[in-house]
2 protein chains.
Amino acid sequence: MTSAAQARIIAAALGLFARHGVGGTSLQMIADEIGVSKAAVYHQYKTKEEIVRAVALDELAAVEAVLAEAEAKASPAEARDAALQGMVDLAVTRRRQTTSILSDPVIGRLFARDKHLHQVMSRLNRLLMGPDGGPDSHLETAMLTAAISGAVMHPLVSKRDDETLRAQLTLLARRFLGVNGG
Amino acid sequence: MTSAAQARIIAAALGLFARHGVGGTSLQMIADEIGVSKAAVYHQYKTKEEIVRAVALDELAAVEAVLAEAEAKASPAEARDAALQGMVDLAVTRRRQTTSILSDPVIGRLFARDKHLHQVMSRLNRLLMGPDGGPDSHLETAMLTAAISGAVMHPLVSKRDDETLRAQLTLLARRFLGVNGG
DNA sequence: GTCTATAGTGCGATAGAC
DNA sequence: GTCTATCGCACTATAGAC
């Protein structure tokens, strides 16, 4: 499915997309980052768009892993907190990456009508807002994920060390949801 | 200061940056959007970076207008709500633009150490969190602005009409800050 | 799976006429 | 303030050897 060579390309592209945007990243930059030629990259992915897709799907898979873990919890309250904590962890440990990839306009248009993404958002919405959340709850989920992602990217926040950032984000995210405990 | 020709360039560039990212937007695209040649664009701005700067400063000016209006209010509570409402209005009426410009990695690095941006964020922080907010309050401000901006860009939310979006965002933003009234 | 070499296109930027 | 024309370069993508 995903070879070692492909995994190297995805990892390199992810970092470069985050730093320069999708449009500002060339195949030459990706090839140089791994230490191979452009042709070697083209052997794995026929077009740049395929690379963009692969990177985005890889990030989406990381979110799905969080969802699966949360859905395995015994109670809805535990599941909600696991989802919340998992999203915070994802944003903090991968910092600018997962996060700024998903806010790139190119990726946004590529996935705006993607069923897979809708499905993931629905699962996340269900975990965070409960099964009986109306359509309004989707805005709440969107705001929360944007708040978490956007905060770690923020120029004035990025100096903080991971542990305090994680703790503060968790606290504020819980407050947004109206949850007090852990 | 800013001529009519420059204003046309900034407006065109803003829309294109939002759709394709800064790196994915060429000077030819900007020129075509206005209906002039590349050379005409170069007559106004000597480099692409100058255009990027001008666009970002223009967006920052829109935020400053909101701040000035809020700071003119009589009470801190009124000022806070005016700032909150102003930021929501900005995000909703300009939708993907103000918002996705400021999240572009190229713009982010260009302004990460910009005194002007820090000043604007401090004023916003003071309005939203009060004068005695510690350093932790900056994270709260960053989360709130990211939540507002990110929510209007979100693929699953962008279908909503402006009025309901504005109302719901305002409600949720107030809840995040722990304010109940209007 | 990687390379060199190259085709063809579009880029940012400049010169000079009107 | 706008144009045409052009430079030199980097880009995406392909062909073919190893």
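Computed from a prediction, not measured in an experiment: that's the story for all the values here. Throughout, protein chains are lettered first and strands after them, A, B, ... in sequence-line order, and every chain is numbered starting at 1.
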Closer than 4.0 angstrom, basic N to acidic O: yes or no for A/Glu71 and A/Arg126? no
What is the distance from CD of B/Gln44 to P of C/dA13, rounded to the nearest Å? 15 Å
Output yes when at least one side-chain N/O atom of B/Arg8 is less than 4.0 Å from OP1 or OP2 of D/dT2, else no. yes
Rounded to the nearest 0.5 Å, the CZ atom of A/Phe176 sits from the CD atom of B/Glu140 at a distance of 12.5 Å
Interatomic distance, A/Ile51 CD1 vs D/dC11 C1' [rounded to whole Å]: 13 Å
Would you indicate which nucleotide in D/dA13, D/dC11, D/dC3 comes nearest to any side-chain atom of A/Thr47? D/dA13
Whole-Å distance, B/Lys48 NZ to C/dG12 C1', equals 9 Å
Looking only at side-chain atoms of A/His43, point me to the closest of C/dG1, D/dT2, C/dG12. C/dG1
Of all heavy-atom pairs linking B/Thr164 and B/Asp161, the shortest is OG1-OD1, 2.8 Å
From C-beta outward on B/Leu27, which listed nucleotide comes closest to its side chain: C/dC11, C/dG12, D/dC11? C/dG12
Respond yes when some side-chain nitrogen or oxygen of A/Ser26 is under 4.0 Å from OP1 or OP2 of D/dC11, and no when none is. yes
In whole Å, I'd like the distance from the OH atom of A/Tyr45 to the C1' atom of D/dT12. 17 Å
Identify which nucleotide among D/dT2, C/dA15, D/dT14 has an atom closest to any side-chain atom of A/Ala39, counting heavy atoms from C-beta outward. D/dT14
Before giving the answer on side-chain contact (heavy atoms from CB on, under 4.5 Å), spell out for A/Arg160 and B/Leu139 the whole-Å C-alpha distance, their side-chain angles and the decisive distance to 0.1 Å. CA-CA 10 Å; A/Arg160 239 163 274 219; B/Leu139 179 64; 4.0 Å; yes
B/Lys38 NZ to C/dT14 P, in whole Å, measures 12 Å
How long is the gap from OG1 on B/Thr141 to NE2 on A/His154, to the nearest 0.5 Å? 8.5 Å
Could you give the CE-to-C1' distance, from B/Met29 to D/dC11, as a whole number of Å? 15 Å
To the nearest angstrom, how far is A/Gln28 atom CD from C/dT4 atom C1'? 13 Å
Have a look at B/Ser37 and say if it touches a base, only the backbone sugar-phosphate, or nothing, with a 4.0 Å heavy-atom cut-off. base
Taking atom C1' of D/dA10 as reference, at what distance in whole Å does atom CD1 of A/Ile30 sit? 15 Å
